[in-house]
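Below is one structure, written out as structure tokens, with a few remarks after it.
Nothing here was measured: the structure is a model prediction, and the numbers come from that model.
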Amino acid sequence: MHVFSTVFVFVFIVIILYKIVEFLRNEAAAETTVSARLVDKSMRASDDMNANGFARQSITYYL
């Protein structure tokens, strides 16, 4: 069991380090501005209720 916990901690640290490097790389990237024209927009609403009676509502906007 000690091997599994060591592997888990190692993988967790590697993932955290990868995400930090990815964030720093994105922050250092040049910002790009592109002209665009909006051709349509719409909205979709949905309701969902699970077996426990909890309701979830969401609205998705499309541009």
Side-chain angles (χ1 to χ4, degrees):
M1 192 56 115
H2 181 66
V3 173
F4 292 122
S5 61
T6 304
V7 170
F8 176 77
V9 170
F10 178 74
V11 169
F12 184 75
I13 290 172
V14 168
I15 290 172
I16 294 296
L17 289 175
Y18 175 78
K19 289 299 182 180
I20 290 171
V21 169
E22 182 180 32
F23 173 78
L24 293 174
R25 194 177 298 147
N26 286 337
E27 287 295 313
E31 188 172 312
T32 305
T33 303
V34 178
S35 297
R37 182 173 60 101
L38 182 62
V39 293
D40 192 19
K41 56 185 176 177
S42 64
M43 177 183 79
R44 180 175 296 150
S46 64
D47 297 327
D48 185 25
M49 185 170 294
N50 64 13
N52 295 328
F54 293 107
R56 183 183 74 170
Q57 299 174 340
S58 65
I59 299 174
T60 305
Y61 298 97
Y62 299 96
L63 300 177

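Counting heavy atoms from C-beta on, the side chains of F10 and T6 never come closer than 4.5 Å.
Residue pairs satisfying the side chain to side chain donor-acceptor pair (under 3.5 Å) criterion with at least one member in residues 17-37, sequence neighbours excluded, are listed as follows: K19-E22.
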Kindly list each side-chain donor-acceptor pair under 3.5 angstrom involving residues 56-63, sequence neighbours excluded, with atom names and distances?
| residue | atom | partner | partner atom | Å |
| --- | --- | --- | --- | --- |
| S58 | OG | S46 | OG | 2.9 |

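With side-chain heavy atoms closer than 4.5 Å counting as contact, directly or through intermediates, the hydrophobic cluster containing L24 also holds F12, I16, I20, F23.
Both V7 and I15 belong to a common hydrophobic cluster when Ile, Leu, Val, Met, Phe, Trp and Tyr are linked at side-chain heavy-atom distances under 4.5 angstrom.
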